[in-house]
Amino acid sequence: MSSYFAHSAIDPVDLEVFRNRCAAIAEEMGAALGRSALSANIKERRDFSCAVFDAQGRMVAQAAHIPVHLGAMPRSVEAALAQFTLAPGDVVILNDPYLGGTHLPDLTTVAPVYAGATLIGYTATRAHHADVGGMTPGSMPMSREVYQEGLIIPPTLLARGGIPDETVIALICRNSRTPDERRGDLAAQMACHRVGAQRLAELAERHGPAWVARHMEALLAYGERHMRTVIAAIPDGTYTFEDALDNDGVDADPLTICVRIDIHGECAVVDFEGTSSQCRGPLNAPRAVTESAVLYCFRCLGSPDMPSSAGAFAPLDIRVPAGSILAPHPPAAVAGGNVETAQRVVDVVFGALAQALPDRIPAASAGTMNNWTFGGMASNSVPFAYYETLGGGMGARPRLPGLSGVQVHMTNTLNTPVEALERQFPLIVRRYGLRRGSGGVGRVRGGDGLVREVEFRAPVTVSLLTERRVYAPYGLYGGAPGLRGRNILLRDGEERILPGKITIDLRPGDILRIETPGGGGFGAQEQG
């Protein structure tokens with residue numbers, strides 16, 4: 001830090017305190033959102049993210065929430081501010097994947113923060129709502145265009161001057177199978193903006209708006225300087241790698257992701273030329289998601305105290321072919337791009353960086369969020385819908401084994417307690433534990449995946465959007481790959497292997513078993 005501040009008028013201690021204050025504001029916003037939300041997906045799994053932006057809409061701090069949300073969120077803030085000049089108490093909502101969104105269930109809200117008459121910044125939240133309409137319960141269908149995935153919301157005022165727009169709220173709720181949940185979760189998102197505004201305004205009241213602006217600018221510059229230091233530590237050269245998604249759920253062909261990383265001094269060019277063209281199924285990833293995955297990989301190389309600001313993007317030249325699965329043209333389906341394709345982007349970027357930094361990069365982790373959604377009508381004629389991701393095995397590290405049964409890379413949600421699932425939905429969790437032996441062997445072993453077995457007590461429609469069922473998570477430097485995942489239906493005592501991507505109607509008594517992939521091993525196993 002000292003070399004940067006030798007030419008800066010900002011005291012480094014002041015800036016470090018300010019950085020942590022801003023991060024704490026985002027964390028407190030998240031705590032308020034999690035406590036006050038209605039759905040299990042937000043309250044229990046914590047599938048949401050919060051961040052703080054400066055008066056120009058540049059991210060200056062974020063909470064330790066969901067990586068894929070946070071890296072893509074600045075694009076949504078940019079889209080919101082291009083549409084509106086926001087007054088105190090205004091809140092904009094949007095989810096359009098082609099305007100910085102990730103996929104339709106992720107609803108982003110943006111609100112300004114004023115100190116008196118002076119705009120000092122913005123707060124933003126992104127929360128995954130369990131159902132926003134579309135073809136199937138949970139809004140994660142085997143779609144062929146984005147219109148089939150749910151309600152598309154362009155930048156729209158959700159509140160004006162602190163007064164919620166009931167017409168907009170009613171429209172969103174009417175398009176969901178679970179309208180009461182949507183209303184409760186939207187109220188929670190709006191409430192957490194009030195928490196963020198209060199805390200940021202307190203900073204301005206204590207130090208003045210100009211002081212806040214200077215320190216936000218310094219955080220951006222420091223984030224850029226830190227990333228340049230990270231890149232400078234990578235040996236100059238060109239590093240390539242490719243891997244594949246199993247398929248898109250519509251066509252059986254694999255989808256290849258190629259990357260070429262050129263490191264020169266303090267700058268990196270990350271080029272995805274050669275990646276498969278956009279597909280017919282829902283595995284297309286909006287460009288903002290691709291950018292988020294790349295930033296995540298380079299951010300992992302930095303120190304834990306590296307500022308999570310927009311400045312970190314500056315040294316990264318990310319080149320994505322238009323019309324590919326990493327930057328599709330609308331109206332391509334994108335429900336799984338955020339959750340599955342983003343994971344494979346991480347796998348290929350880390351695969352390339354492993355050539356430059358063999359003592360730092362782990363083998364491939366599970367490489368999938370193992371998405372499953374279900375919904376139907378309860379016995380009391382009340383509709384229900386649920387979405388969940390399941391953890392898997394972490395790839396082995398150069399000197400340490402991979403962790404077992406954890407969320408990896410672009411996701412960071414909590415485990416949903418069995419008690420919460422069984423209390424809220426007509427099902428019984430028959431089995432939930434580690435998938436022993438699924439981690440790849442090697443000098444260092446990959447982590448094991450999970451087994452989740454659920455028996456349904458009511459008719460349901462289930463959608464599975466999973467990966468690494470065909471192509472296993474790779475090992476590095478002689479380490480073996482992790483075991484591939486499996487999806488299994490048990491009906492009337494018989495087992496049926498299900499595809500990695502499917503929508504299927506299940507009846508009472510049917511049992512769904514999801515076996516998640518293990519992580520790859522690292523290094524050749526010692527003989528002996």
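FYI, side chains are in, hydrogens and waters are out, and symmetry mates aren't considered; it's all heavy atoms of this structure. Keep in mind it's a predicted model, so treat the numbers as computed, not measured.
Remark: of the listed residues N370, N247, D246, N370 is the sole one forming a side chain to side chain donor-acceptor pair (under 3.5 Å) with R469.
Classification of K501 and E467 as a salt-bridged pair holds, one side-chain N sitting under 4.0 Å from a carboxylate O. Salt-bridge formation is not detected for the pair R452/E515: no Lys NZ or Arg NE/NH1/NH2 atom is positioned less than 4.0 Å from an Asp or Glu carboxylate oxygen. Remark: R491 engages D510 in a salt bridge, criterion side-chain N to carboxylate O under 4.0 Å. With salt bridges taken as basic N to acidic carboxylate O contacts below 4.0 Å, one links E291 and R287. Salt bridge R182/D185: present, at least one basic N to carboxylate O contact under 4.0 Å. A salt bridge is absent between D248 and R280: the closest approach of a Lys/Arg side-chain nitrogen to an acidic carboxylate oxygen does not fall below 4.0 angstrom. Salt bridge annotation for R199-E28: present, with a cationic side-chain nitrogen under 4.0 angstrom from a carboxylate oxygen.
Two residues are said to be in side-chain contact when any heavy atoms from C-beta on lie closer than 4.5 Å; Y432 and V418 meet this criterion. Contact annotation: the side chain of I120 never approaches that of Y114 to less than 4.5 Å [non-hydrogen atoms, C-beta and beyond]. Considering only heavy atoms from C-beta on, N20 stays 4.5 Å or farther from E27 through its side chain. With a 4.5 Å cut-off on side-chain heavy atoms, D165 and L157 do not count as touching. Here the side chains of C173 and R183 are in contact, with some heavy-atom distance below 4.5 Å.
Checked by atom type, the side-chain pair S324/S277 shows no donor-acceptor distance below 3.5 Å. Between the side chains of N371 and E340, at least one donor N or O lies within less than 3.5 Å of an accepting N or O. Defined by atom type and a distance below 3.5 Å, a donor-acceptor pair is missing between the side-chain atoms of R496 and N487. With 3.5 Å as the limit, one finds no donor-acceptor pair spanning the side chains of R468 and T368. S176 and H129 share no side-chain donor-acceptor pair at under 3.5 Å. In this structure, a donor-acceptor pair under 3.5 Å is absent between the side chains of S309 and R58. Donor-acceptor pairing under 3.5 Å is lacking for the side chains of S39 and R45. Between T461 and T136, the side chains place no donor N or O within less than 3.5 Å of an acceptor N or O (distance only, hydrogens not considered). Residues T125 and Q189 have side chains that bring a donor and an acceptor to within less than 3.5 angstrom of each other. Side-chain contact, S49 with R126: no donor N or O sits under 3.5 Å from an acceptor N or O.
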Evaluate D492 against R507 for salt bridge (charged side-chain N to carboxylate O under 4.0 Å, His left out), listing each step before the verdict. CA-CA 11 Å; D492 299 330; R507 59 199 190 200; 2.9 Å; yes

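If you look at F456 and F425, their ring centroids are not closer than 6.0 Å.
Between H128 and Y387, the two ring planes are parallel [angle under 30°; tilted spans 30° to 60°]. Between W211 and H207, the two ring planes are parallel [angle under 30°; tilted spans 30° to 60°].
Remark: F84 CZ is packed, more than 12 non-hydrogen atoms of other residues, nucleotides or ligands lying under 6.0 Å away. More than 12 non-hydrogen atoms from other residues, nucleotides or ligands lie less than 6.0 angstrom from CZ of R299.
When every heavy atom of A385 is checked against every heavy atom of T178, the shortest pair comes out as N-CG2, 3.7 Å. Here the shortest heavy-atom pairing between A312 and M306 reads CB-CE, 4.2 Å. When all heavy atoms of M59 and S308 are compared, the closest pair comes out as CE-O, 3.8 Å. Closest heavy-atom contact between I257 and V348: O-CG1, 3.6 Å.
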